[in-house]
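To start, I am sharing the structure in question, which I have written as structure tokens.
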Amino acid sequence: MKRFISSYLYLFSTLLFVGLSGLSVKGAFAQSLTDTIKDIQLPFQVTLEKSGDVRLAGLLFDPQSTGLNDLVKTGDRVSVRLLSDKPDRYGRKPAHIYLKDGRWVQGELVREGKATPFPYPGETTFIRDLYLLETPKAYSALSETLPLDKFVIIKGRVIDVAMVKGITYLNFGNNWRTDFTIKFSKKAQKKFRAFGFDLPTLKEREVRIRGWVFQQNGPMIAPEHPAQLEVIEK
């Protein structure tokens with residue numbers, strides 16, 4: 001079963017991405033404490049006695065996910081690692097939550113296929129660890145049925161890296177006008193370089209990308225954070 005969300009959820013998640021963009025933390029803020037769950041709001045939010053409203057960091061918004069109810073209940077004592085002391089526009093702080101027995105809530109949800117990792121701004125801590133726990137259901141980059149305006153995970157081999165007017169493109173098919181492409185704006189290229197990515201060296205490499213597909217010549221994803229792209233090592 002392919003992992004994607006509807007056009008409505010695409011809009012919601014895009015707004016959420018923008019809404020979280022102010023959460024990038026200067027320095028290495030992190031606060032760990034023990035707290036008690038007062039309330040649970042699906043899919044990935046809890047209210048804590050001390051910390052208030054907390055959003056499970058690093059998980060793609062998916063209103064159909066109910067897995068959190070299988071892991072926690074009101075009154076549970078949990079360990080909390082806050083990633084920021086600044087709430088988002090909805091009054092929630094991003095955090096990682098651990099059960100009394102030591103299990104990582106986000107990790108359990110991803111491992112069981114009940115959540116999909118996504119690196120929202122300010123939430124990239126441990127995102128690679130979540131990827132390791134994931135069994136992603138990915139589309140082939142050569143698929144002729146890539147859904148538009150939906151979140152998807154796509155896997156394929158880069159056959160060409162092109163730069164046009166300062167924009168870098170990773171091409172996966174022989175016809176860039178119709179085949180899937182990853183697009184890197186000038187701003188995105190700076191982020192990827194700072195993260196250690198040398199985009200031209202990705203030619204002939206197998207990669208996995210997660211994001212929202214839009215139409216520009218062919219289907220395309222324009223990642224905003226380097227953690228959206230994985231190089232698959234053989």
Side-chain angles (χ1 to χ4, degrees), residues 5 10-30 55 57-61 83-86 88-89 93-96 106 110 116-132 134 136 138 141 149-172 176 180-233:
I5 54 179
Y10 163 73
L11 176 60
F12 183 93
S13 296
T14 301
L15 292 173
L16 181 62
F17 191 97
V18 173
L20 298 179
S21 60
L23 283 179
S24 298
V25 183
K26 295 181 179 180
F29 175 89
R55 182 186 64 259
L59 299 182
L60 179 73
F61 176 79
L83 301 185
S84 174
D85 60 348
K86 298 180 181 179
D88 63 13
R89 66 173 64 186
K93 298 176 184 178
H96 290 278
Q106 279 97 319
V110 169
T116 300
F118 186 78
Y120 288 114
E123 299 185 15
T124 58
T125 302
F126 306 137
I127 195 70
R128 297 290 180 183
D129 298 291
L130 289 175
Y131 290 166
L132 292 175
E134 181 184 34
D149 300 327
K150 298 179 186 294
F151 175 90
V152 294
I153 300 174
I154 297 174
K155 176 181 176 182
R157 184 172 299 278
V158 179
I159 67 167
D160 186 45
V161 180
M163 179 171 285
V164 181
K165 297 182 179 179
I167 307 299
T168 297
Y169 299 89
L170 302 187
N171 296 315
F172 293 81
W176 59 268
F180 174 68
T181 302
I182 303 176
K183 175 183 179 180
F184 299 87
S185 66
K186 294 179 180 179
K187 182 178 180 180
Q189 290 175 59
K190 291 180 180 179
K191 291 182 181 180
F192 276 76
R193 281 196 297 269
F195 206 78
F197 275 104
D198 184 6
L199 296 177
T201 67
L202 294 181
K203 184 176 180 179
E204 302 299 333
R205 301 296 298 275
E206 191 169 9
V207 302
R208 185 161 50 226
I209 183 77
R210 62 190 66 217
W212 285 268
V213 179
F214 62 95
Q215 183 75 25
Q216 184 176 316
N217 292 318
M220 185 175 290
I221 287 179
E224 298 197 22
H225 194 282
Q228 290 177 246
L229 181 66
E230 302 168 79
V231 178
I232 302 172
E233 302 292 346

Interatomic distance, I159 atom CD1 to K203 atom NZ [nearest 0.5 angstrom]: 8.5 Å

Side chain proximity check, L202 to L170, heavy atoms < 4.5 angstrom: yes

Closest non-hydrogen atom pair between I154 and A141, with its separation: CG2-CA, 3.6 Å

Salt-bridge criterion met for E134 and R208 (N-O under 4.0 Å): no

Residues which pass side-chain contact (heavy atoms from CB on, under 4.5 Å) with T201, listed by chain and number, not counting sequence neighbours: D198

Shortest non-hydrogen contact from P94 toward R55: CB-NH2, 3.3 Å

Verdict with supporting geometry, L59 and Y120, side chain to side chain contact (heavy atoms under 4.5 Å, CB included): CA-CA 8 Å; L59 299 182; Y120 288 114; over 6 Å; no

Spacing of CD belonging to E224 relative to OG belonging to S185, to within rounding of 0.5 Å: 8.0 Å

Atom pair CD1/CD1 of I221 and I153 - distance to nearest 0.5 Å: 9.5 Å

Side-chain donor or acceptor of T124 paired with backbone N/O of I127 under 3.5 Å: no

Which atom of R205 lies closest to which atom of V231, heavy atoms considered: NH2-CG1, 3.2 Å

Sidechain N-carboxylate O distance under 4.0 Å for K155, E230: no

Over all atoms of both residues, closest heavy-atom pair of Q215 and P219: OE1-N, 3.9 Å

Partners passing ring-ring contact (aromatic ring centres under 6.0 Å, His included) against F192 (at least two apart in sequence or in another chain): F184, F197

V158 versus V161, closest heavy-atom pair with distance: CG1-CG2, 4.0 Å

Donor-acceptor contact present, side-chain Q228 to main-chain I209, <3.5 Å: no

Spacing of F118 atom CZ and W212 atom CH2 [to the nearest 0.5 Å]: 4.0 Å

Check: R210 side chain, P117 main-chain N or O, donor-acceptor pair, under 3.5 Å: yes

Contacts of T125 that satisfy side chain to side chain donor-acceptor pair (under 3.5 Å) - sequence neighbours left out: none

CA sep, side-chain torsions, deciding dist, call: I182, L229, side chain to side chain contact (heavy atoms under 4.5 Å, CB included): CA-CA 10 Å; I182 303 176; L229 181 66; 4.2 Å; yes

Nearest atoms (heavy-atom pairs only) where I167 meets K183: CG2-CG, 3.7 Å

OH-CZ distance between Y131 and F126, expressed to the nearest 0.5 angstrom: 14.5 Å

Pairwise distance OG1(T181) to CH2(W176) - rounded to 0.5 angstrom: 9.0 Å

Parallel, tilted or perpendicular, as decided by the 30° and 60° cut-offs, for the rings of F172 and F180: tilted

Donor-acceptor under 3.5 Å (Q106 side chain, A57 main chain): yes

Side-chain donor/acceptor of Q189 to backbone N/O of L199, under 3.5 Å: no

